[in-house]
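Down below is the structure, laid out as structure tokens.
Below, each value reflects all heavy atoms present in this structure, side chains not excepted, and no hydrogens, waters or symmetry copies. For the single chain, residues carry numbers from 1 onward in sequence order. When a ligand or atom number is given, it counts from 1 through the structure's own listing order.
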Amino acid sequence: MRSLPSVEKLLQELDPKDFHPVPRPVVADLVRREVAALRETVRTTSQPLAEGEALAAVTHAVLQLRSSRLQPVINATGVLIHTNLGRSPVGARAADALRAIATSYNNLELDLPTGQRGRRAGYLEQLLATLTEAPAAVAVNNCASALVLILKSLLSGEKNEMIVSRGELVEIGGGFRIPEIMEASGAVLVEVGATNKTRIEDYERAIGERTAAILKVHRSNFWLGGFTGEPTTEELAELADGSGIPLVEDLGSGAVMQTDALAPIEHEPTPMEVLGKGVGLVCFSGDKLLGGPQSGIIAGRAELVAAVKQEPFFRAVRCDKLILTVLQETVSEYLAARGEGADGGKRQDLPDIPVVRALATTVGELRERARAIVDRLAQTAPGIEVEVIDTVARTGGGTMPRSEIPSVGLVLKHPKYAKAERVAEQLRQGSPPVVGYVEEDALRLDLRTVFPQQDDALVEAIRLSEN
Ligand SMILES: *Cc1c(COP(=O)(O)O)cnc(C)c1O
């Protein structure tokens, strides 16, 4: 046991550089736990520790903990909405607004003209309604909670059945499945059709006294091909209307721009389009293709949205002021870029939304940046082999699984690290961390997801990774 240093001694020997900015009490706690574990090892093996072994173990544990701290990362994966990298980054104006609201008091629930209690998020709801071209809209914590909330608001006593096609009972990621989310609302699922084919008659036969609504779930993260078929949204809307029940659609991905006009990829249905086809309520994520903060947006008929807001569960999943601010600014970006032409016709400029910008960047622009980076590395880090290559980027995050976006990247080879995985690891542990991917035994960095203003930091991170 004498080979085991004391907690105090280890704390003194730790290099403060290694644990900054982990708070000292957390480091002390971690060291205590490591020492306890080492003591247990010494006790059970009866082997003393080697010189410096305890300090090495403790340093490793501290570095491990420090790297798990939430921090900015350069996304060079080419996946625009990367679930592991926090989905959508938000624009500079949204971030500025966030800072202003976060560090001050605000009028969250105060009507400034009268000084009376005001409507929380009333302004945002108006913007969302205009954006989605719906009579009413509301935002909640995320799309999953939006779905549960919608279903809860539509259930009443015996009327608790939700009709859904077997071809739409999807897993949305992280092990969460639509049928389980639906059941969490207390709804009784009535599955119709087969995995590959559902007909309008299947829905028709399932409608009865207890039917609360028909749910359509957009297949946002997979596609179905071959011998398949389903009724159109218009047919379903007509059936729902005739039966006096609402049609609800969970769109998931939430693109509000024409994705096929932004990049050579597929068209992703927008909330405006599905509402125009007769859907009563639509929900979608705020941090997928919309490019905002984590949130779920519900839009549609006024009385249905009003019922959603009256549901007691609404309080449990409402957004806080910080999210409301970022969402408000994100939606404003779209609306400012949309404007109304002099003739009342709509134009749509490119809004300042990072994922939208990244999607719309041309291969030519990316190639130019790639060449500039290669030139700079040739001067500052001549030991690193780097080439420009064509790559394929994706929207990701469970959206548009078939869409391959032509992109440009760098292939990196280090003289020091034979394995591409080692180069990748080195860059992930840099400051800032850079996350790329390994293909054909080499590390690739896709520039579509790297913001132009990050190019300097990227060059520096690559240069430092040589050491
Ligand atoms: C992503 C997704 C969800 C969940 O959205 P969150 O905002 O992550 O809760 C729900 N439904 C569909 C169809 C999705 O694609």
Tabulating one pair per line, provide the atom names and distances (0.1 Å) for every N/O atom of ligand 1 that is less than 3.5 Å from a protein N/O atom.
from     : atom 1 : to   : atom 2 : distance (Å)
ligand 1 : 5 (O)  : S285 : OG     : 3.0
ligand 1 : 7 (O)  : C143 : N      : 2.9
ligand 1 : 7 (O)  : S285 : OG     : 2.5
ligand 1 : 8 (O)  : R87  : NH1    : 3.0
ligand 1 : 8 (O)  : R87  : NH2    : 3.0
ligand 1 : 9 (O)  : N142 : ND2    : 3.4
ligand 1 : 9 (O)  : C143 : N      : 3.2
ligand 1 : 9 (O)  : A144 : N      : 2.8
ligand 1 : 11 (N) : D250 : OD1    : 3.2
ligand 1 : 11 (N) : D250 : OD2    : 2.6
ligand 1 : 15 (O) : S220 : OG     : 2.6
ligand 1 : 15 (O) : K288 : NZ     : 2.9

Would you call [X]-[Y] a salt bridge at under 4.0 Å N-O?
X	Y	result
E249	K277	no
E421	K419	no
E425	R422	yes
K197	E230	no

- Within a reach of under 6.0 Å around CZ of R93, are more than 12 heavy atoms found that belong to other residues, nucleotides or ligands?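 Open: at most 12 neighbouring heavy atoms sit under 6.0 Å from CZ of R93.
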- How long is the gap from CD1 on I405 to OG1 on T361, to the nearest 0.5 Å?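 The CD1 atom of I405 sits 10.0 Å away from the OG1 atom of T361.
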